[in-house]
Visitor: 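Got a structure here, written out as structure tokens. Questions coming.
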There are 2 protein chains.
Amino acid sequence: MQNSEAMALSAALLAVAGGLTQRINEGVIARGFEGVRPAHGFAFARLAPDGATVTDLAAHLGVTKQAASQLVDEMVRKGYAERRPHPEDARARLVVLTGRGWACTRAAEEAAAEAVREWGDVLGEREVRALGEQLLRIAPRGPIRPAW
Amino acid sequence: MQNSEAMALSAALLAVAGGLTQRINEGVIARGFEGVRPAHGFAFARLAPDGATVTDLAAHLGVTKQAASQLVDEMVRKGYAERRPHPEDARARLVVLTGRGWACTRAAEEAAAEAVREWGDVLGEREVRALGEQLLRIAPRGPIRPAW
DNA sequence: CTCGATGGTCAAGCTGCTTGACCATATAGT
DNA sequence: ACTATATGGTCAAGCAGCTTGACCATCGAG
């Protein structure tokens, strides 16, 4: 494969990723969750299962813990998360989603499903499913980093 | 397809996109082009064929023309681009890549090819090619937007 | 029961973007 | 030809989100 083809593939991937991010963000806002930015989505994803500490979150997002703490401040202020004392470590605080936070997470899933359904209209559901499996196999581990 | 599956697909796509961006950026820097940020890559892509005006660039990147102008300032300062008088419009200036700018573009293509080759090791070249075609078919038009 | 490591916050500063104002040139209307 | 409006571009100020640096509280190994 020539370099220029690899670049075209990369550009298409990044364009799809950018468009998807925008679609999800707009979909979430359209469902009544104001003041939400794409960066919050990745925080939600990390907090959803059982909550997480600020330091965990920072590592997951690939930013400093100060930045993660500010993000949590904002999510708390907007009613999506709350800080609780950590059950096993008095230094730490466990950040967990509120009911509104869970609702916002579901809204994001709905918006994502909407976008993915449109891909299905173009490619067929079978190909979309295959696409998902392939992407999972080449997805890097480590912190989630902004695409640019 | 369930919403949670669509979300998993989306997360994988964004993770791949973020990792790819980082790989390309690091690859470009490793090839001796310092002070280059991912955002520059999309500017290079727009400038490469025949140059572009600041306003074109702004529309392509989805930012204000002031922001695009600052980006061009930076690229000029670092030797990647230069401003020329526009041949057909005395108001406008045509921003074109310098030799160093072209070299940097080729370095980005090499870095992208490197990353894509690793995908080929995992998925097989046939699937990677199919992936590229599918992504092209679902890629949105309009300005390139950061993935988050 | 110290003492280095770790979780967290406060404060200050930087960078890349935005909005607002403005000038120069192009283009359409009369 | 002449004004009026639109368009390309820049300057300036402000803001949001991140960083670095300093610091305190608590943990856990010796």
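Per chain, numbering begins at 1; letters A, B, ... match sequence-line order.
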Visitor: Within residues 75-94 of chain A, find the residues that approach DNA chain D with a heavy atom at under 4.0 Å, and present them sorted by residue number.
Guide: A:D89, A:A90, A:R91
Visitor: Sub-3.5 Å donor-acceptor pair from the side chain of A:R46 to the main-chain atoms of A:F42, do we have one?
Guide: no
Visitor: Got a donor-acceptor contact below 3.5 angstrom from the A:R137 side chain to the B:V122 backbone?
Guide: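 The answer is yes, because a donor-acceptor pair under 3.5 Å joins these two groups.
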Visitor: Once pairs are restricted to Watson-Crick or G-U wobble with both distances under 3.5 Å, how does DNA chain C read as a dot-bracket string, [ ] for crossings and | for other-strand pairs?
Guide: ||||||||||||||||||||||||||||||
Visitor: How would you label the contact of A:T55 with the nucleic acid (heavy atoms, under 4.0 Å): base, sugar-phosphate, or nothing?
Guide: sugar-phosphate
Visitor: Would A:R31 and A:E114 pass as an ion pair if we require N to O under 4.0 Å?
Guide: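 A salt bridge links A:R31 with A:E114.
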Visitor: Please identify the 5'-most and 3'-most nucleotides of DNA chain C with any atom under 4.0 angstrom from a heavy atom of chain A.
Guide: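 Span of nucleotides near chain A: C:dA5 to C:dC10.
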Visitor: Would you call A:E133 and A:R129 a salt bridge, taking side-chain N to carboxylate O under 4.0 Å as the test?
Guide: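 Salt bridge between A:E133 and A:R129, a charged N being under 4.0 Å from a carboxylate O: no.
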Visitor: Among A:R77, A:K78, A:Q70, which one satisfies side-chain hydrogen bond (donor to acceptor under 3.5 Å, both in side chains) with A:E74?
Guide: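 Looking at A:R77, A:K78, A:Q70, the match for A:E74 under the side-chain hydrogen bond (donor to acceptor under 3.5 Å, both in side chains) is A:K78.
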Visitor: Could you work out, with salt bridge (charged side-chain N to carboxylate O under 4.0 Å, His left out) as the rule, every residue matching A:R91, not counting sequence neighbours?
Guide: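 If we apply the salt bridge (charged side-chain N to carboxylate O under 4.0 Å, His left out) test to A:R91, skipping adjacent residues, the hits are A:D89.
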Visitor: Report the relative orientation of the aromatic rings in A:F44 and A:Y80; use parallel for angles under 30°, tilted for 30 to 60°, perpendicular for over 60°.
Guide: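 Because their plane-to-plane angle is over 60°, the rings of A:F44 and A:Y80 count as perpendicular.
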Visitor: Give a yes or no on whether a salt bridge exists between B:E82 and B:R84, defined as a side-chain N under 4.0 angstrom from a carboxylate O.
Guide: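 Counted as a salt bridge, because a side-chain N and a carboxylate O are separated by less than 4.0 Å.
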Visitor: Do the side chains of B:R83 and B:R93 get nearer than 4.5 Å, heavy atoms only?
Guide: yes
Visitor: For A:T64, report the nucleic acid contact type (base, sugar-phosphate, nothing); a contact means any heavy atom under 4.0 Å.
Guide: base
Visitor: Using atom CZ of B:R37 as one end and atom C1' of D:dC18 as the other, report the distance to the nearest whole Å.
Guide: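 Between C1' of D:dC18 and CZ of B:R37: 13 Å.
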Visitor: Contact between B:L14 and A:I144 at the side-chain level, heavy atoms closer than 4.5 Å - yes or no?
Guide: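 No. Closest side-chain heavy atoms not under 4.5 Å.
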Visitor: Which residues, if any, of residues 25-36 of chain A bring a heavy atom under 4.0 Å of DNA chain D?
Guide: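 The stretch gives none, as no residue of it lies under 4.0 Å from the strand.
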Visitor: Just by modelled atom types, is the B:G79 backbone N or O under 3.5 Å from a matching donor or acceptor in the B:T98 side chain?
Guide: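 Yes.
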Visitor: What's the NE2-P distance between A:H40 and D:dA16, to the nearest Å?
Guide: 13 Å
Visitor: Please list all pairs passing the side chain to side chain donor-acceptor pair (under 3.5 Å) test where one or both residues lie in residues 56-67 of chain B, with sequence neighbours left out.
Guide: B:T53-B:D56
Visitor: Given that A:Q70 and B:V63 both sit by DNA chain C, which one's nearest nucleotide is further toward the 5' end?
Guide: A:Q70
Visitor: Would you confirm whether A:E118, through its side chain, and A:A115, through its main-chain N or O, come within 3.5 Å as a donor-acceptor pair?
Guide: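 No, A:E118 side chain to A:A115 backbone: no donor-acceptor pair under 3.5 Å.
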